[in-house]
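The structure appears right after this line, and notes come after that.
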Amino acid sequence: MQYADIIIDISHEQLDRTFQYAVPPELEDRIQVGSPVVIPFGKGNRAITGYVVNLTDEPNWDPVKIKPIARIPSEGVPIESHLIALAYWMKSHYGATMNQALRTVIPIKQKAAPKEKKVLHLLLEEQQLQDVYTDLISRKRHSIPKQRLLEALMEQPDIPWDVVTGKLGIASTVIRDFEKNAWIEIESVRDYRNPLGTIHAPKRVEVTLNEEQEIAVESFAADYDMGIRKPYLLYGVTGSGKTEVYMEMISHVLEQGRQAIVLIPEIALTYQTVMRFYQRFGQAVSILNSRMSPGERYDQFERAKKGDIQIMVGPRSALFTPFPDLGLIIIDEEHEPTYKSEQVPRYHARETAVYRAKLTNASVILGSATPSLESFYRMEQGEYGLLRLSKRVEERNLPECDIVDLRQELMEGNRSIISRRLQELLADRLERGEQSMLFLNRRGMMGFVSCRACGEVLKCPHCDVSLSMHRDGKLHCHYCGYTTPMVSKCPSCGSKYIGGFKAGTQKIEETVQKMFPKARILRMDADTTKGKNGHQDILNAFANEEADILLGTQMIVKGHDFPKVTLMGVLAADMSLNANDFRSAERTFDLLTQASGRAGRGELPGNVVIQTYQPEHYSILAAAKSDYDDFYKQEIVYRRMMAYPPCAHMLLVSVTSLSDAEAAGKSQEIADYIKEKYPKVFLAGPHDAGIKKVNDIYRRILYMKSDDYEELVAIKDAVEDHNRDTSRYRKASIWFDFDPMSGF
Ligand code: ADP
Ligand code: ZN
Ligand code: ZN
């Protein structure tokens, strides 16, 4: 006999309240996780509808007392079924409890009372209204507000309350009077907040697709019309017009009465991007972003479910928009690491989108100028289709790129972080009144403080990372926020030759300012963007040409279009190469290619300077040529040789504890167990994580590699069981990460 755990109220508060029912043998084939079922509920055995969230052979209590499921409702498959099935897949595929998975997929219902909007509806027939009106104005001293409201109702029989009391300036007592006379009725309607409600978009400039764009859209549409649904890689250089292609494809899907989701990395979710969709599709579009309140987000999901909107644009979590007939999911900048969730379930939006699309018979478009190794590999394997845009729309030339060897600079006596070539070009741009950007790979990496006598580096007492010197004179930990005053003597040897070494963004700003006293410099990093709009304010100021140079970390290279920028300087390209992580070459290539793409987007030709300590590294050479294919060819050889994703799968196990010994003990215990039970699987570790301690929590890791994803899932399940039943280390916890993006 099979038993089903069923939830009857799909809201965040009730997700863990399940009720067990028996599955009648004749329904067994038709019931899966997600299926809607009708069950007899409560004392009176009221028939109500619920959803299956788990199936098991083991009853929770006396099987005689468990009631059977009555039937399967006859209506089609509701959206809730899809979302529950998706949650179940995420739970099994990434590791989580069903509850955690459901919480990720189901939005939080707002606690506050929903907003209401009142509307006046005219109840009188046209002739009756005329009579009332004539009667009123025939009186000598009649009420003017009454007259005005009657006139308004003659023009428009349904008027929002707010308009009447606001724009028309009519007191609510007058309205209530009308209501008493049964001339009107007042209806309260649920008011869904619309984040784009007040936008007035300028009219869209019509574009005619060029030949490559046309081919991409046509081949997608031809497949779609033949019922072929699959993921496609839209591989197109920056500025090749991918967004225009997305919008055509969306149109095609909307025409068939279906809906579309557009995922965009949060950082690229700018006013300009949203505006392009809004200009084209108007009220059919809504957005999600992390600054919205839970209530506002919930409203957007409700609007999608009711059919008020057809397109949702947003970051990772927009993937769970409950559209009734989802036909297309677009993932822009699909290579972005932020598409992987850092919370359990640690899902990847790309894979999850592909699965959701399968459930609802939708297609997926993965757009990028520098595709993830995963997507390009799957395309080569024939799992994904390929749509290619090889030319920039305006046929602009790629910027000219110099690679500068920083070791050489030092040898020739230049100790500054700005190479001579970069100085020369900066001076030239300032002279000509053009804009430049300076990109520092990774915040604070170079701001550390060390003793020049003994080499001691000052570290955070809670984390295994070096402290950074800030202009406030204090030392900061970027992991936990710890601060401490700068020391004047080395805590280890007492030498007074201790100080900030090299430069973080602040230090570079000072250096550049000294070099070019008249230059107007804007700095963008985690410290200057703390306010709600800090990020956008700086970008706007730079776009308005209020500065000559924009200096910053990662944030400045993502998808912003500044036509006046003709110079991009990458200050230390290889910082991200040193990260202890198999994806570091890919990250470096992405960042450098994106950075170069920032220079020369307008009419003017551009220059890029890449400063590096490893000028011969293939990711740097390929980025300097903006040659993805060249990079891919070399990188995939390394991944294949080392059996790293995408050529194989990987399961990372992290063991964390406040006690170093507990973390060490438990990780060893897990490794021993795996070696005994799965002697053939490749296992590395346990060893300390790249950053051994964060916030006083120690972390040890081990990882496995296998061609077979399901084998890794089986190992994860076995380790979880073993850990629950027999672990000797109770003060350490474990978590799993499949095909991890970071955390080594
Ligand atoms: P991508 O997303 O590939 O970086 P966009 O879609 O943002 O490229 O296009 C870059 C610029 O070119 C935009 O300003 C866009 O409006 C314009 N554009 C795109 N396609 C065309 C076209 N067929 N004709 C004219 N302009 C176009
Ligand atoms: Zn010292
Ligand atoms: Zn710290």
Side-chain angles (χ1 to χ4, degrees), residues 201-221 232-252 260-281 285 311 313-315 328-336 339 364-372 375-376 386-399 437 539 543 556-566 568 590-606 608 623 626 628:
K203 201 161 160 28
R204 184 175 109 88
V205 190
E206 285 295 322
V207 303
T208 318
L209 296 188
N210 65 29
E211 198 181 332
E212 282 193 324
Q213 288 173 314
E214 193 72 47
I215 291 171
V217 174
E218 285 306 314
S219 42
F220 164 81
Y232 301 83
L233 174 63
L234 176 61
Y235 170 32
V237 297
T238 318
S240 58
K242 293 188 287 298
T243 311
E244 296 296 329
V245 169
Y246 299 151
M247 293 196 290
E248 268 321 298
M249 290 170 168
I250 293 172
S251 270
H252 189 78
I261 293 172
V262 183
L263 299 188
I264 286 181
E266 173 96 35
I267 197 159
L269 194 65
T270 57
Y271 180 77
Q272 287 96 322
T273 324
V274 173
M275 194 49 65
R276 285 177 73 180
F277 284 91
Y278 190 74
Q279 281 174 340
R280 169 95 184 232
F281 298 105
V285 183
I311 302 163
V313 182
L328 179 62
I329 304 173
I330 287 168
I331 306 187
D332 190 34
E333 309 285 351
E334 63 86 27
H335 59 276
E336 278 293 317
Y339 282 125
V364 179
I365 300 289
L366 306 168
S368 178
T370 55
S372 61
S375 296
F376 206 84
L386 174 67
L387 305 170
R388 183 91 169 90
L389 302 179
S390 61
K391 292 195 271 296
R392 282 183 164 192
V393 167
E394 309 264 306
E395 305 250 355
R396 281 180 210 122
N397 292 324
L398 283 169
M437 288 168 93
L539 294 174
I556 70 167
V557 299
K558 307 275 179 192
H560 311 294
D561 214 347
F562 301 110
K564 287 280 161 59
V565 171
T566 57
M568 167 59 89
D590 285 354
L591 278 172
L592 295 185
T593 317
Q594 277 168 29
S596 337
R598 299 300 121 212
R601 297 204 90 185
E603 308 285 301
L604 305 160
V608 178
S626 289
Y628 176 83

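Quick note: residue numbers are just sequence positions, from 1. Every number for a ligand or one of its atoms is a count from 1 in the order of the listing.
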Output field: ring centroids Tyr235/Tyr628 closer than 6.0 Å:
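Yes, close enough.
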
Say whether Gly236 and ligand 1 are in contact under the criterion: heavy-atom distance to a ligand atom below 4.0 Å.
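False for this residue.
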
Specify the closest pair of heavy atoms between Val608 and Ala599, including all atoms of both residues, with the distance to one decimal.
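Closest heavy-atom pair between Val608 and Ala599: CG2-CB, 4.1 Å.
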
List for me each residue that meets side-chain contact (heavy atoms from CB on, under 4.5 Å) alongside Glu248, sequence neighbours excluded, and say none if there are none.
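Residues passing side-chain contact (heavy atoms from CB on, under 4.5 Å) with Glu248: Leu209, Val217, Arg280.
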
Quick one: which ligand 1 atoms are inside 4.0 Å of a heavy atom on [X]?
X      : answer
Asn210 : 23 (N)
Glu244 : 6 (O), 16 (O), 19 (C), 20 (N)
Thr208 : 22 (C), 23 (N), 24 (N)

Return a yes/no value for Val207: is any of its N or O atoms, backbone included, closer than 3.5 angstrom to an N or O of ligand 1?
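No, since none of the N or O atoms of Val207 sits under 3.5 Å from an N or O of ligand 1.
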
Given Glu211, Glu212, Gln213, the one that forms side chain to side chain contact (heavy atoms under 4.5 Å, CB included) with Ile215
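Of the listed options, the one satisfying the test is Glu211.
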
Under the salt bridge (charged side-chain N to carboxylate O under 4.0 Å, His left out) rule, collect the residues that match up with Glu244, sequence neighbours excluded.
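With neighbours one apart ignored, the set is Arg204, Arg276.
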
